[in-house]
Participant: 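Supplied in structure tokens, the structure appears directly below.
None of these values were measured; they are calculated from a predicted model.
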Amino acid sequence: MSEEWMQVALGLAGEAARHDEVPVGAVVVRENQIIGRGFNQPISGHDPTAHAEIMALRDAAQTLGNYRLPGCTLVVTVEPCTMCAGALVHARIEQLIFGAREPRAGAVCSSSRVLDNPGLNHKVTVIEGVLEKECKALMSAFFQERRN
């Protein structure tokens, strides 16, 4: 199922790219149903917090009528940043699945390990590398096009 969910997230990442945003897409899944969707839109939304993960969490919270999302999985094309990793903890996300690492700003296993902080009151399990090639290729193509 995680590959199917990642395919949806990749489609949302493509939507971000069509809006000249960094192509990151995310979905929140509960009981094998997508309950939240989001893509990067900080530039077009004039909102520094409008990362794909945050938008998907907001959508899922509205769907459930609760800011806590226990039993939910967040699937995102790129490793979350510090802000988004913190939001996963606050939302009580059970599992994070991501495609590609983000060597500069990734805060799960690349530049830092926010979710491993022993002082946190919630633990998020992590699976990485789902459709990694596709996720990396989308990011690479986006930035290559911008350099040309």
Side-chain angles (χ1 to χ4, degrees), residues 1-30 32-45 47-61 68-148:
M1 290 300 282
S2 61
E3 288 189 3
E4 291 175 33
W5 301 330
M6 188 63 77
Q7 288 288 356
V8 175
L10 279 163
L12 290 163
E15 185 68 20
R18 286 186 286 283
H19 288 90
D20 291 323
E21 301 274 3
V22 175
V24 180
V27 295
V28 176
V29 179
R30 183 174 187 217
N32 293 319
Q33 297 291 325
I34 294 174
I35 62 165
R37 299 168 189 264
F39 59 87
N40 265 6
Q41 42 196 309
I43 298 166
S44 59
D47 180 355
T49 68
H51 291 194
E53 299 94 323
I54 301 299
M55 303 308 289
L57 291 172
R58 288 175 182 166
D59 191 32
R68 295 282 166 92
L69 304 170
C72 292
T73 297
L74 181 105
V75 181
V76 61
T77 56
V78 177
E79 178 184 2
C81 70
T82 302
M83 174 185 67
C84 293
L88 298 178
V89 173
H90 288 290
R92 303 299 191 266
I93 289 292
E94 183 176 314
Q95 182 178 56
L96 165 66
I97 298 172
F98 72 88
R101 286 190 177 197
E102 192 349 291
R104 292 184 187 150
V108 175
C109 53
S110 293
S111 69
S112 63
R113 301 183 72 87
V114 170
L115 298 177
D116 291 339
N117 182 331
L120 294 176
N121 62 349
H122 177 72
K123 191 75 174 153
V124 178
T125 62
V126 178
I127 297 172
E128 69 169 291
V130 175
L131 298 183
E132 180 179 15
K133 284 183 184 178
E134 293 87 337
C135 294
K136 280 183 176 180
L138 186 60
M139 291 290 279
S140 294
F142 176 80
F143 286 111
Q144 182 65 37
E145 185 177 303
R146 296 193 116 198
R147 284 191 288 273
N148 291 336

Participant: Check residues 13-26 and write down every donor-acceptor pair under 3.5 Å in which the side-chain atom is one partner and the other belongs to a residue at least two apart or another chain.
Facilitator:
{"residue": "Glu15", "atom": "OE1", "partner": "Arg18", "partner atom": "NE", "Å": "3.4"}
{"residue": "Glu15", "atom": "OE1", "partner": "Arg18", "partner atom": "NH2", "Å": "3.0"}
{"residue": "Arg18", "atom": "NH1", "partner": "Gly14", "partner atom": "O", "Å": "3.3"}
{"residue": "His19", "atom": "ND1", "partner": "Glu15", "partner atom": "O", "Å": "2.8"}
{"residue": "Glu21", "atom": "OE1", "partner": "Ile43", "partner atom": "N", "Å": "3.2"}
{"residue": "Glu21", "atom": "OE2", "partner": "Ile43", "partner atom": "N", "Å": "3.1"}
{"residue": "Glu21", "atom": "OE2", "partner": "Ser44", "partner atom": "N", "Å": "2.6"}
{"residue": "Glu21", "atom": "OE2", "partner": "Ser44", "partner atom": "OG", "Å": "2.9"}

Participant: Could you list the residues that satisfy side chain to side chain contact (heavy atoms under 4.5 Å, CB included) with Glu145, not counting sequence neighbours?
Facilitator: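 With sequence neighbours excluded, Glu145 shows a side chain to side chain contact (heavy atoms under 4.5 Å, CB included) to no residue whatsoever.
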Participant: Under the side-chain contact (heavy atoms from CB on, under 4.5 Å) criterion, do Asp116 and Lys123 qualify, and how do the steps go?
Facilitator: CA-CA 8 Å; Asp116 291 339; Lys123 191 75 174 153; 3.5 Å; yes
Participant: Is any side-chain heavy atom of Val108 closer than 4.5 Å to a side-chain heavy atom of Leu96?
Facilitator: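 A side-chain contact exists here, since the closest heavy-atom pair is under 4.5 Å.
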Participant: With heavy-atom distances below 4.5 Å as the criterion, would you say the side chains of Arg30 and Leu69 are in contact?
Facilitator: no
Participant: A side-chain contact here means heavy atoms from C-beta on lying under 4.5 Å apart; do Val89 and Asn121 qualify?
Facilitator: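 Answer yes - side chains close enough.
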Participant: Applying side chain to side chain contact (heavy atoms under 4.5 Å, CB included), can you list everything that pairs with Cys135, at least two apart in sequence or on another chain?
Facilitator: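 Per chain and number, Cys135 pairs via side chain to side chain contact (heavy atoms under 4.5 Å, CB included) with Met6, Leu10, Thr77, Ala100.
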Participant: What's the spacing between Cys72 SG and Leu57 CG if we round to 0.5 Å?
Facilitator: 9.0 Å
Participant: Quick one: CZ on Phe39 to CD on Glu53, what's the gap to the nearest 0.5 Å?
Facilitator: 13.5 Å
Participant: Do you know which of Glu102, Glu128, Glu79 makes side chain to side chain donor-acceptor pair (under 3.5 Å) with Ser110?
Facilitator: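 That would be Glu79; it is the only one of Glu102, Glu128, Glu79 passing the side chain to side chain donor-acceptor pair (under 3.5 Å) with Ser110.
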Participant: Would you give the length of the straight line joining atom NE2 of His90 to atom NE2 of His122, rounded to the nearest 0.5 angstrom?
Facilitator: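 One finds 11.0 Å between NE2 of His90 and NE2 of His122.
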Participant: Kindly indicate whether the side chain of Trp5, heavy atoms from C-beta on, has any atom under 4.5 Å from the side chain of Val28.
Facilitator: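 With C-beta onward as the side chain, the pair stays apart.
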